[in-house]
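Along the sequence shown, residues carry numbers from 1. Start at 1 and go down the list; that is how both ligands and their atoms are numbered.
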Amino acid sequence: MTTIDTKWNAGLYDDKHSFVSKFGEDLVTLLSPSAGERILDLGCGTGYLAHLIAESGAEVTGVDSSADMIGKARTAYPEITFRVMSATDLHFDKPFDAVFSNAVLHWVLDRESAIDSIYKNLRPGGRLVLEMGGRGNVEEIVLNTRKVLTRHGHYLNAATQVWYFPSLGEYATLLEKRGFRVRFATHYDRETELNDNENGICDWIRMFGNAFFRNIPETAIPALLEEIQESVRPTNYRNRKWYGDYKRLRILATK
Ligand code: BEZ
């Protein structure tokens, strides 16, 4: 499989896909931050959840691999420390009491390095609270994207691996192998209403799945997107709304 980096559009992310952060709000409840704790928000995006965590009085640091996202986060929440950093290469002088990560770890194909990096930056007894796409996540969208790309002869694009959606057993095993104790884990369905317009799937793929279209002429992309959108209409559209067939892993583990 080919693997590819995604370039983020931080403005579009906040304007049209703010549900990503909204759904992360109850993950903050699972984190249960308290005043004075040092907490790392791994993959903080534009900083909304880092800010929510900081309201507890915790000392929050947000990191993201996208400089565009970090630029927006710094402007929105100047009182919080934000750094551009990769999940596989976290480096800080002092370990954290907790690492929090919402909707990010499925972007990190080198999962073992990410888990190792998190582990090294937690104090003994510290906790990792994460949510990510699990096995079967957005499956209809992914399968139909591959089908349409193949139908049009874009074989390399169709084989692109954009995300890593592990089963619960697989990810818990990786965490345990590195030394974590998995205290809570669930793999649940969360049908997610997408952007409120007729092109919800096209918009979603444009925002998150752009890597599938690398080297395809810009002029050819809209027709491909529409074809994908039509092919998931039977499964992902009802009552004049588009839905993503999200399947999430939610885990709390301690070092
Ligand atoms: C997710 O949060 O599950 C997700 C978001 C964007 C692309 C793929 C998965």
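Here K120 pairs with D116 in a salt bridge; the nearest charged N to carboxylate O distance falls below 4.0 Å.
Note: H152 and H154 have parallel aromatic rings, judged against thresholds of 30 and 60 degrees for the angle between ring planes. Ring geometry, F180 versus Y119: the interplanar angle exceeds 60°, so the pair is classed perpendicular (tilted spans 30 to 60°).
Shown in contact with W204 at under 4.0 Å from a heavy atom are these atoms of ligand 1, numbered in order with element: 6 (C), 7 (C), 8 (C). Shown in contact with A103 at under 4.0 Å from a heavy atom are these atoms of ligand 1, numbered in order with element: 2 (O). Less than 4.0 angstrom separates some heavy atom of W163 from each of these atoms of ligand 1: 7 (C), 8 (C).
One side chain, E131 or Y188, offers a donor N or O that lies under 3.5 Å from an acceptor on the other.
The distance criterion of under 3.5 Å between nitrogen or oxygen atoms is not met by W107 with respect to ligand 1.
Contacts between R248 and ligand 1 below 4.0 angstrom, taking non-hydrogen atoms only, involve the side chain exclusively.
Scored by the side chain to side chain donor-acceptor pair (under 3.5 Å) test, Y164 finds E170 as partners (sequence neighbours excluded).
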